[in-house]
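Written below as structure tokens is the structure these notes are about.
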Amino acid sequence: MRNDLAYLRTPVAIRERAGKILKYVVDGQSQWFQLDANGLEAAVQATLAVARERFPDPAAIPFHSRWRHFEAGGRDRWSALAERLAHLPLEEIARRRMDLAVVSVLLDAGAGAAWSYREPGTGETHARSEGLGVASFHMFANGAFSRDAKGDPLRVDAERLAALTPMDIAMGFQVKAHNPLLGLEGRAELLRKLGGVGLERPGALFDVVATGGEVKAETILAAVLDRLSPIWPSPRGDVWEHPVVGLVPFHKLSQWMSYSLVEPIEGAGLKVVALDALTGLPEYRNGGLLVDAGALRPRQRALLEKSFAPGDEAIVEWRALTVALLDQIAEHVRLHLGMDAQRLPLVKVLEAGTWFAGRRLAAERRPGGGPPITVESDGTVF
């Protein structure tokens, strides 16, 4: 079985190991989960219900990416900023959009139920992923990540990132005693490390991947994993040990980032292809959908009652099952909507519904809408 780092960084490896864990569970070997076909159909129907409600025309479903959070509350925040960049070449605008997306994704690792962000100007309050997106957007707009905050604010520079402190993040995210944000130190540390990876700016990734008219989605992920790997706490990154299957890779934040770089790249006139090479995102909304819909049934109550570390066997299985079953849900959703993978790639199924269906079921089942299984996150996994 291949365990070299180059292989473990590929979507092929993520799916291969996820498939092994799915078989392990189907064979009845897991002490944590069992698969329920009726529950999987319930997850499909929950996804379809949300998709039809949000997008009456399935052809209008956008990508699941950080850019959707910048549109929280129905506001197209980027368009207002874009007017200030209209004098720049398309390639430079793409770099600046990638600057924003990379930093914002790294700041998006779960907010906790107690935190929210009150947006200056609109007075709107946003929480969870939308709140994190809007807060990081305003930090970018105000020049918080630029080496020249007054003269050229709408960019991200390595030298500024390297000097960021948890207090900088706390101020930008309105963190106070009564408005706590989980993983504040972890987020600041990620950005400081990002400032030291050898890229003058995160948007330099554009020049790494934009070598022709087409860009494969897997090429974007490979560039993200290659250039940004020094920022992760472990040299392997989001790869975990399972006692039976062995090393199981996920690269959730890196794939979320890759999905979030598609729109900036295409905005420069390039075409991103083979989107379905990347996998579904193994995070608590998608994974929570499977548990709350009954597709994954806990085999012991401890799973729903205690708190787990990201490397615990139960969490590795939960995340791997999420990857494997999201592919199956996507196939069923396409059948119901009469669309193929070309018109409705996995990244659109995630946006149409699995993520929102997971959130909706969580809100119905638990006060505060938290996940069914509690994971102790340091701000670098979920």
Side-chain angles (χ1 to χ4, degrees), residues 18 22 33-75 108 110-111 113 126-131 133 252 255-256 259 275-276 278-298 304 318-319 321-373 382:
L22 178 59
F33 295 99
Q34 58 186 21
L35 184 64
D36 185 309
N38 292 329
L40 187 58
E41 179 59 24
V44 170
Q45 293 302 324
T47 301
L48 281 167
V50 170
R52 286 171 170 145
E53 178 186 314
R54 299 181 66 233
F55 303 103
D57 175 10
I61 297 170
F63 295 138
H64 184 59
S65 82
R66 196 56 165 156
W67 296 92
R68 303 293 77 75
H69 295 149
F70 298 149
E71 299 161 359
R75 298 182 182 277
D108 179 28
H126 299 282
R128 298 197 179 273
S129 293
E130 288 86 350
K252 179 261 167 178
Q255 292 202 84
W256 175 230
Y259 283 137
L275 275 164
D276 265 3
L278 304 190
T279 78
L281 302 177
E283 42 81 24
Y284 73 86
R285 289 300 182 207
N286 290 324
L289 166 66
L290 297 169
V291 175
D292 286 335
L296 296 178
R297 298 205 174 270
L304 305 179
W318 185 32
R319 298 182 75 200
L321 291 164
T322 300
V323 169
L325 296 176
L326 282 171
D327 279 340
Q328 294 187 21
I329 288 174
E331 288 180 19
H332 286 277
V333 167
R334 290 184 195 115
L335 280 172
H336 282 284
L337 295 179
M339 301 180 82
D340 58 17
Q342 186 69 32
R343 294 165 62 212
L344 194 67
L346 179 59
V347 65
K348 292 191 175 185
V349 176
L350 300 178
E351 180 61 26
T354 57
W355 193 88
F356 281 92
R359 171 183 275 186
R360 178 170 291 180
L361 290 181
E364 291 171 0
R365 283 159 174 71
R366 287 170 297 281
I373 300 169
F382 289 96

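Worth knowing before you read on, the calculation uses all heavy atoms, side chains too, and leaves out hydrogens, waters and symmetry mates.
Scanning for side chain to side chain donor-acceptor pair (under 3.5 Å) contacts around Thr322 gives an empty result, with sequence neighbours left out. In this view, Tyr259 satisfies the ring pair (Phe, Tyr, Trp, His ring centres under 6.0 Å) rule with no residue, not counting sequence neighbours. Arg334 meets the salt bridge (Lys or Arg N to Asp or Glu O under 4.0 Å) test with Asp276; sequence neighbours excluded.
Residues Gln45 and His336 form a side-chain contact, since some pair of their non-hydrogen atoms from C-beta on lies under 4.5 Å apart. When side chains are defined from C-beta on, Leu326 counts as touching Leu350, because their heavy atoms get closer than 4.5 Å. Between His332 and Leu48 there is no side-chain heavy-atom pair separated by less than 4.5 Å. Annotation: side chain of Leu35 is in contact with side chain of Leu22 (closest heavy-atom distance under 4.5 Å).
Annotation for Arg66 and Ser129: closest pair NH1-O, 3.2 Å, computed over non-hydrogen atoms. Counting all heavy atoms, side chain and backbone alike, Leu296 lies closest to Pro298 at O-CD, 3.7 Å. Leu289 and Gly358 make their closest contact through CB-CA, 3.7 Å (heavy atoms, listed as atom of the first residue, atom of the second, distance). What you find for Val50 and Ala357 is that their closest heavy atoms are CG2-CA, 3.9 Å. Nearest heavy atom pair, residue Arg54 against residue Ala352, reads NH1-O, 3.7 Å. When all heavy atoms of Gly370 and Ala362 are compared, the closest pair comes out as O-CB, 3.6 Å.
Relative ring orientation between Trp256 and His69 is described as tilted, the plane-to-plane angle lying within the 30° to 60° band.
The CG atom of Asp36 sits 4.5 Å away from the CZ atom of Arg297 when rounded to the nearest 0.5 Å. Rounded to the nearest 0.5 Å, atoms CG (Leu344) and CD (Glu351) are 11.5 Å apart. In this structure, CZ in Arg366 is found 10.5 Å from CD in Glu364, a value given to the nearest 0.5 Å. In this structure, CD1 on Ile61 lies 10.0 Å from CZ on Arg343, to the nearest 0.5 angstrom. A distance of 7.5 Å separates CG in Leu346 from OG1 in Thr279, rounded to the nearest 0.5 Å.
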Working for side-chain contact (heavy atoms from CB on, under 4.5 Å), residues Arg52 and Leu337
CA-CA 9 Å; Arg52 286 171 170 145; Leu337 295 179; 4.0 Å; yes

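Looking only at distances, no side-chain donor or acceptor of Glu283 sits under 3.5 Å from a matching main-chain atom of Lys252. In this structure, Arg68 contributes its side chain and Pro62 its backbone to no donor-acceptor pair below 3.5 Å.
Side-chain contact check for Glu41 and Asn38: no donor-acceptor pair (N or O, by modelled atom type) lies under 3.5 Å.
Just one of Val323, Leu281, Thr47 meets the side chain to side chain contact (heavy atoms under 4.5 Å, CB included) condition when paired with Asn286; it is Leu281.
Between Arg359 and Glu130 there is a salt bridge, with a side-chain nitrogen of the basic residue lying less than 4.0 Å from a carboxylate oxygen of the acidic one.
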